[in-house]
Amino acid sequence: MSTPQDDNEISAVTAAQVTRIADHGIYASPTELDPAAVNLAQALVATLRGRAERPLLTPELQQLTDQVRARAEIDLPRIAVDGDVSLSAFTIRLHGDEPRPVVIVPAGWTPLGWTIFAYAYLQLARRGYHVLAYTPRGIGQTFRLPGGYHDAFFTSGGTIDVAGPLDWADGSAVIDYAQQHLAPSRIAFLGESYGSGISQLVAAHDPAARVDAVVALSTWGDLATSLYDNGTRHLKAVEALVALTGGPEERKFDPATRQLLADFRAGQNLDDVVRWGSDRAPASYADQTNARGVPTFFSNAWHETLFPVNQVVDHFERLTVPKHLNLWIGDHAAPEGAGLTVPFSGPNQPVEEAFAWLDHHVLGASNGVPEWPVVNSQIMFTYETRTDPETGKTVITEPAVREPHGSWAEVTTSTERWYLTSVGSDSRDGGLAAEEETGWKREFTAGRITDATAVDALVTTGQAEWRGDPKTYPTGKFDRQHLAVWTSAPLQAGANGTGRRVRGVPELTLTVRSTAESTTLVAYLFDVGPDDTARIITHEPLTLEDLTPGQDRTATWRLQGAGYDVAAGHRLMLVVNSKDQLYSDALTDAGADSSTTTIVSPDGGAAHLTLPLG
């Protein structure tokens, strides 16, 4: 939206719009919310405010809205925090004197602020909670108009602190407001994306330790490694986030943050970037969370491109509080976003389980939550699908298999080593084999984007995965001039009927030499079918600096965690190139067009992939 929308201009929500959001998620692109999701949120809020001059909702949504309005008082306050800053908020206060808990919901990093998940607030109220949703400082639509700027009513004042100390203090001020106006019996925080990190950080820092439970959806543990890891900047993620604030960068960020963003883009002063990100990492305050014993529910996705899965798992493992981790197929917000926005024809497990966590830890419901497995993972891509003959869409007929575990450590039960060899099943490629082979080398020209990529686009490629349509890769199109490939023989069926059950974090060891003083390697692990079409299992970049051209450097790095069944008869394929659209790369940083990367397997240091199995 380019201008503020008048309530009278909102379109009536149709059943087709609701179905669209449920099927496709809430994002139209990495930097744009789906117009159907925007319209639905606006229609719900206009109806709740009593500003709709005509019916805007489907019968189901209208009934839910009427039910909540009949048993609650709804308000849209501004909450004063520090100085002249106030936060846009939305409250549902249930009638009666019965003590009730409140769920506080900091909005995600979205130009619609708290409004986008209005449906979720109604669902929480129907379950028996007071609700207080708010837009974190600086977030929300800001429009440049003649003579200055105009903020939408759901936009909060101030500039974005990126989950820093000002946001922690704001969260405590919001708790103060809740206690004064809602008199809650207990206090929980629920957040998705940006709101999930703020939720964890407020729970760890509130001076009076008033947070009784947290739900963190599509969350992060370490913001520093989410943005910069293995010497490689996650440029596309930051680009998308800056584009989603709701206004111009010079308005949304203070000078210090703008300088930090400029340094990040330029690859300068990265130690300062890491310190800044670590200050905003829930993982940095795990000891405080543990001391407070805050029950914390995590939800993330295997192919998460904004907050990769490993840093969430590492944080989760350090926590000793009551905790639970769900890992789903897809990417950022794909599992939970639609379920927080629209009703589904059937149960929406990512959201229903999050609500059940609150019901037990805050409402005191006896609903089996203490008996849940600590970790519950969907396995890619074990769902059954069919093609709808009328629409041509892929439809999931059976949900993906989920595997329960008592801890993350139980996910991997063994490992096996695959050695990179000189010759594979395709004469153009190397192989993956059980016996080591040294003395070979493979080289490629670095500096080119290839068809071996992590995703077509942030978020939306993962939304398609979530609905049963994962990206496929014609491996014959991989340009061997600009990448190197190693492929296994067809896998034999094991006792469990699959070729391999990948469970956990793969690790890759390579020896590299380059004609440049720095080089980027992006490793991808694929599942290749008999027709030479592949699906991605996992990937991860690594940038090596201070190389001596022509001399060897050995490196070991972790790929992102995966839960993936490779079918019998399929092959494993490891691809290494030098460039992916998601990340910075050494050649671009150096202002160079190309270099030659050579991968070798020296005596005493055979190149190998360590595959986790379960």
Original post:
Between the side chains of Q180 and D176, does any donor sit under 3.5 Å from an acceptor?
Top reply: no
Subject >> Any donor-acceptor pair under 3.5 Å from Q581 side chain to D456 backbone >> reply: yes
Subject >> Gap separating the CH2 atom of W357 from the NZ atom of K323, nearest 0.5 angstrom >> reply: 10.0 Å
Original post:
Is the number of heavy atoms from other residues, nucleotides or ligands under 6.0 Å of E507 CD greater than 12?
Top reply: yes
Original post:
Y583 side chain to P541 main-chain N or O, any donor-acceptor pair under 3.5 Å?
Top reply: no
**OP:** Considering only NZ, NE, NH1 and NH2 on the basic side and carboxylate oxygens on the acidic side, decide whether E403 and R503 come within less than 4.0 Å.
**Re:** yes
Original post:
Does the R100 side chain pair with the main chain of R186, one donor and one acceptor, at a distance under 3.5 Å?
Top reply: no
**OP:** Decide yes or no on side chain to side chain contact (heavy atoms under 4.5 Å, CB included) for D82 and V85, but give the supporting numbers first.
**Re:** CA-CA 6 Å; D82 72 305; V85 174; 4.1 Å; yes
Subject >> Under 3.5 Å side-chain donor-acceptor pair for S193 and H332 >> reply: yes
Original post:
Looking at the rings of F298 and H324, which for Trp means the six-membered one, are their centres under 6.0 Å apart?
Top reply: no
Subject >> Sidechain N-carboxylate O distance under 4.0 Å for R280, D161 >> reply: yes
Subject >> T245 (side chain) donor-acceptor with I139 (main chain) under 3.5 angstrom >> reply: no
**OP:** Look only at the side chain of D331 and the backbone of T305, and say whether a donor-acceptor pair between them is shorter than 3.5 Å.
**Re:** yes
**OP:** Check whether any side-chain heavy atom of L235 sits under 4.5 Å from a side-chain heavy atom of F264, and report yes or no.
**Re:** yes
**OP:** Ignoring hydrogens and angles, state whether a donor on the side chain of R402 or N326 is under 3.5 Å from an acceptor on the partner side chain.
**Re:** yes
Subject >> Under-4.0 Å salt bridge between R127 and E352 >> reply: yes
Original post:
Do the side chain of T135 and the main chain of G113 share a donor and acceptor less than 3.5 angstrom apart?
Top reply: no
**OP:** Using the side chain to side chain contact (heavy atoms under 4.5 Å, CB included) rule, take K471 and T453 through it: C-alpha gap first, then chi angles, then the decisive distance, then the call.
**Re:** CA-CA 10 Å; K471 174 177 169 59; T453 59; 3.8 Å; yes
Original post:
Would D589 and S584 satisfy side chain to side chain contact (heavy atoms under 4.5 Å, CB included), going step by step from the backbone distance to the final call?
Top reply: CA-CA 7 Å; D589 286 347; S584 65; 4.1 Å; yes
Subject >> Check: Y285 ring centroid to W168 ring centroid under 6.0 Å >> reply: yes
Original post:
For S226, does its backbone N or O pair with a side-chain atom of H234 as donor and acceptor, under 3.5 Å?
Top reply: yes
Subject >> Short N-O contact, R292 and D212, less than 4.0 angstrom >> reply: no
Original post:
Would you say the side chains of T142 and K252 form a donor-acceptor pair under 3.5 Å?
Top reply: yes
Original post:
Within a strict 4.5 Å, meaning less than it, do heavy atoms of the I160 and Y194 side chains meet?
Top reply: yes
Original post:
Are W114 and F90 close enough that their ring centers fall under 6.0 Å?
Top reply: yes
Subject >> From OG (S377) to CH2 (W302), nearest 0.5 Å >> reply: 4.0 Å
Original post:
Any side-chain heavy atom of W557 sitting closer than 4.5 Å to one from L521?
Top reply: yes
Original post:
Do E465 and H303 have side-chain N/O donor and acceptor atoms under 3.5 Å apart?
Top reply: yes
Original post:
Donor-acceptor pair, N300 side chain versus T219 backbone, under 3.5 Å?
Top reply: yes
Subject >> Salt-bridge present (R233, E239; N to O < 4.0 Å) >> reply: no
**OP:** Report yes or no: does T155 contribute a side-chain atom to a donor-acceptor pair with the main-chain N or O of D151 at less than 3.5 Å?
**Re:** no
Original post:
Tell me, do L340 and Y119 make a side-chain contact under 4.5 Å, heavy atoms counted?
Top reply: no
Subject >> Distance in Å, F307 CZ paired with H315 NE2, rounded so as to fall on 0.5 Å steps >> reply: 12.5 Å
**OP:** Would you give the length of the straight line joining atom CG of D222 to atom OG of S278, rounded to the nearest 0.5 angstrom?
**Re:** 5.5 Å
Subject >> Atom pair CG/CG of L33 and L244 - distance to nearest 0.5 Å >> reply: 6.5 Å
Original post:
Do T232 and T543 meet the criterion of a side-chain donor-acceptor pair at a distance under 3.5 Å?
Top reply: yes
Original post:
Of the options E192, E353, E336, which is the one that meets S299 in a side chain to side chain donor-acceptor pair (under 3.5 Å)?
Top reply: E336
Subject >> Side-chain donor or acceptor of Q311 paired with backbone N/O of G221 under 3.5 Å >> reply: yes
Original post:
Taking atom types as modelled, is there a side-chain donor on D580 or Y524 under 3.5 Å from an acceptor on the other?
Top reply: yes
Original post:
Between CD of Q259 and CG of D263, what distance do you get to the nearest 0.5 Å?
Top reply: 4.5 Å
Subject >> Residues D314, R558: salt bridge by 4.0 Å N-O rule >> reply: yes
